[in-house]
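First up is the structure itself, then whatever we jot down about it.
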Amino acid sequence: LAVPEKPNTWRDYTPELEAQLQQKVTLQEALNQAIERQELELYFQPKITLKSEQCLGAEALLRWSHPDLGRIPPDVFIPVAEKTGQIIEIGQWVLDQSCQKLKQWRDQQLVADNFVLAINVASQQLIQSDFAQKCLNTLQRYQLPPSSLEIEVTESGLMTDMVVALEQLCQLAAAGISIAIDDFGTGYSSLAYLKELPVSVLKIDRTFIKDMHVSDQDKKLVETVMQMSENFNFITVAEGVENEEQLEILRGFNCELIQGYYYSPPLTEKALLQYLHAIND
Ligand code: C2E
Ligand code: MG
Ligand code: MG
Ligand code: MG
């Protein structure tokens with residue numbers, strides 16, 4: 001088992017470290033202008049019901065295209081934005097854009113009324129004392145029902161300041177926004193917190209789904225998580241489903257929702273709408 005690196009530990013100076021620091025500064029500077037230069041874009045990955053193969057919703061995933069640096073993956077720039085605090089502004093942009101798009105789709109009847117759009121929320125956002133209010137204000141501004149939005153938080157995102165996070169999540173849940181635990185199984189947290197949180201969706205991390213069809217251990221692990229999820233009355237989403245074998249195993253476990261390349265990668269808005277049109281006909 002890999003032991004996660006502790007934050008703020010001393011590291012000896014190396015040229016690689018220098019290069020990493022340099023890159024961080026560059027990315028930080030570039031990120032500062034990303035919003036106003038309209039370099040950010042949302043992609044949308046469909047979530048499909050295993051039983052009826054309908055698309056009940058999608059997850060908004062951020063994409064950044066810089067004119068010189070090219071396409072920078074979120075796994076690279078999100079951690080930088082989290083470190084620098086830029087994630088607050090970026091996260092607000094994601095929330096606003098998501099609501100704006102969803103409102104358009106609903107008005108043009110391109111999605112059903114029960115279509116849910118999920119956004120990823122970083123811990124810094126979650127521990128702002130007005131985060132829930134910001135979400136509700138944005139929904140109201142676009143005349144969207146709270147039930148059309150889902151918030152995805154990771155276990156580590158919750159652990160930063162559990163008390164404040166819990167307060168915000170309770171406000172969101174009370175208003176009707178559904179809360180999903182993202183990348184479930186990869187964090188530090190104990191199971192005890194699950195019953196404290198107003199969670200309704202559990203997303204099983206794709207590292208467990210990945211080898212399920214070749215590893216009995218992984219298969220058992222997913223089965224155990226599925227059973228637990230069912231006992232808690234959570235809706236379970238399997239992340240990163242790429243092939244038929246994985247899908248069949250999940251069918252046996254009664255998994256509700258599937259997200260992964262097997263059905264669709266994250267899509268541009270235009271491609272998502274085409275996808276929905278095709279799948280719903
Ligand atoms: P995540 O929220 O767990 O999103 C799922 C990631 O898995 C996405 O990567 C998606 O493209 C990828 N994925 C989906 N299906 C498959 C599959 O079948 N196979 C494989 N190999 N990958 C699959 P992406 O878009 O690169 O995003 C990476 C992470 O960046 C996200 O993980 C999330 O933690 C973060 N992120 C993305 N957008 C945002 C955002 O708007 N705000 C915040 N705070 N974080 C974001
Ligand atoms: Mg997510
Ligand atoms: Mg995930
Ligand atoms: Mg992830």
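For this chain, numbers begin at 1 and follow the sequence in order. Note that ligands are numbered from 1 as they come in the structure, with each ligand's atoms numbered from 1 the same way.
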Task: Glu59-ligand 1 polar pair, N/O distance under 3.5 Å - done: yes

Open item on the list: Please find the pair of heavy atoms, one from Ala122 and one from Glu82, that lie closest to each other, and give the distance.
Closed with: CB-OE2, 3.5 Å

Task: Asp183 near the Mg ion (ligand 2): N/O/S under 2.8 Å - done: no

Task: Test of proximity, Asn120 against ligand 1: N or O pairs below 3.5 Å - done: yes

Task: Of all N/O/S atoms in Glu59, the name of the one nearest the Mg ion (ligand 2) - done: OE2

TODO: Compute the minimum heavy-atom distance from Arg63 to ligand 1 and say whether it is under 4.0 Å.
DONE: yes

Open item on the list: With no hydrogens and no angle check, just 3.5 Å: does a side-chain donor-acceptor pair link Gln125 and Lys134?
Closed with: no

Open item on the list: Applying a strict under-4.5 Å side-chain criterion to I, L, V, M, F, W and Y, I'd like to know whether Leu110 and Leu272 cluster together.
Closed with: yes

Task: Ligand-residue contact atoms, ligand 1 with Asp182, heavy atoms, under 4.0 Å - done: 1 (P), 2 (O), 3 (O)

TODO: Measure from the Mg ion (ligand 2) to each N, O or S atom of Asn120 and report whether any distance is below 2.8 Å.
DONE: yes

Task: Proximity of Glu239 to ligand 1 by residue part, where a heavy atom lies under 4.0 Å - done: side chain

Task: Heavy-atom closest pair, residues Thr268 and Phe44 - done: C-CD1, 4.4 Å

Task: Atom indices of ligand 1, in the order listed, that fall short of 4.0 Å to a heavy atom of Pro266 - done: 11 (O)

Open item on the list: For Glu82, which part has a heavy atom under 4.0 Å from ligand 1: side chain, backbone, both, or neither?
Closed with: neither

Task: All ring pair (Phe, Tyr, Trp, His ring centres under 6.0 Å) counterparts of Tyr261, not counting sequence neighbours - done: none

Open item on the list: Below a 4.0 angstrom heavy-atom separation, can you tell me which part of Asp183, side chain or backbone, both or neither, approaches ligand 1?
Closed with: side chain

Open item on the list: For Leu62, which part has a heavy atom under 4.0 Å from ligand 1: side chain, backbone, both, or neither?
Closed with: both

Open item on the list: Closer than 2.8 Å to the Mg ion (ligand 2): does that hold for any N, O or S atom in Glu152?
Closed with: yes

TODO: Compute the minimum heavy-atom distance from Pro73 to ligand 1 and say whether it is under 4.0 Å.
DONE: no

Task: Backbone or side-chain N or O of Pro74 under 3.5 Å from ligand 1 N or O - done: no

Open item on the list: Quick check on contacts: which atoms of ligand 1 are under 4.0 angstrom from a heavy atom of Gln45?
Closed with: 14 (C), 15 (N)

- [ ] Inspect the surroundings of CD in Gln227 and state if more than 12 heavy atoms from other residues, nucleotides or ligands are less than 6.0 Å away.
- [x] yes

- [ ] Describe, in one word, how the ring planes of Trp64 and His66 are oriented to each other, choosing from parallel (under 30°), tilted (30 to 60°) and perpendicular (over 60°).
- [x] perpendicular

Task: Atoms of ligand 1 close to Val94 [distance to a heavy atom under 4.0 angstrom, numbered from 1] - done: 41 (O)

TODO: Output the distance between atom CG (Asp161) and atom CD (Gln128), rounded to the nearest 0.5 Å.
DONE: 12.5 Å

TODO: Any atoms of ligand 1 less than 4.0 Å from a non-hydrogen atom of Glu242? List them with their elements.
DONE: 17 (C), 18 (O), 19 (N), 20 (C), 21 (N)

Open item on the list: Closer than 4.0 Å to some heavy atom of Gly260 - which atoms of ligand 1 meet that?
Closed with: 15 (N), 18 (O)

Task: Distance-only polar pair, side chains of Ser178 and Glu150, donor-acceptor under 3.5 Å - done: yes

Task: Cluster check Leu31, Leu95: I/L/V/M/F/W/Y, side chain < 4.5 angstrom - done: yes

Task: For Ala122, the ligand 1 atoms whose distance to one of its heavy atoms is below 4.0 Å - done: 44 (N)

Open item on the list: Using the salt bridge (charged side-chain N to carboxylate O under 4.0 Å, His left out) definition, which of the options Glu239, Glu53, Glu256, Glu152 pairs with Lys47?
Closed with: Glu152

TODO: Give yes or no for whether the N/O distance cutoff of 3.5 Å, strictly under, is met between Gln259 and ligand 1.
DONE: no

TODO: Quick one: report the N, O or S atom of Glu239 that is nearest to the Mg ion (ligand 3).
DONE: OE2

Task: Same apolar cluster (I L V M F W Y, side chains within < 4.5 Å links), Val116/Leu267 - done: no

- [ ] Verify whether one side chain among Asp96 and Gln92 offers a donor that lies under 3.5 Å from an acceptor in the other.
- [x] no

Task: Nonpolar side-chain network containing Tyr43, other nodes, edges under 4.5 Å - done: none

Task: Atom indices of ligand 1 within 4.0 angstrom of Val241 heavy atoms, with elements - done: 18 (O)

Task: the Mg ion (ligand 2) - name of the N/O/S atom of Asp182 that sits closest to it - done: OD2

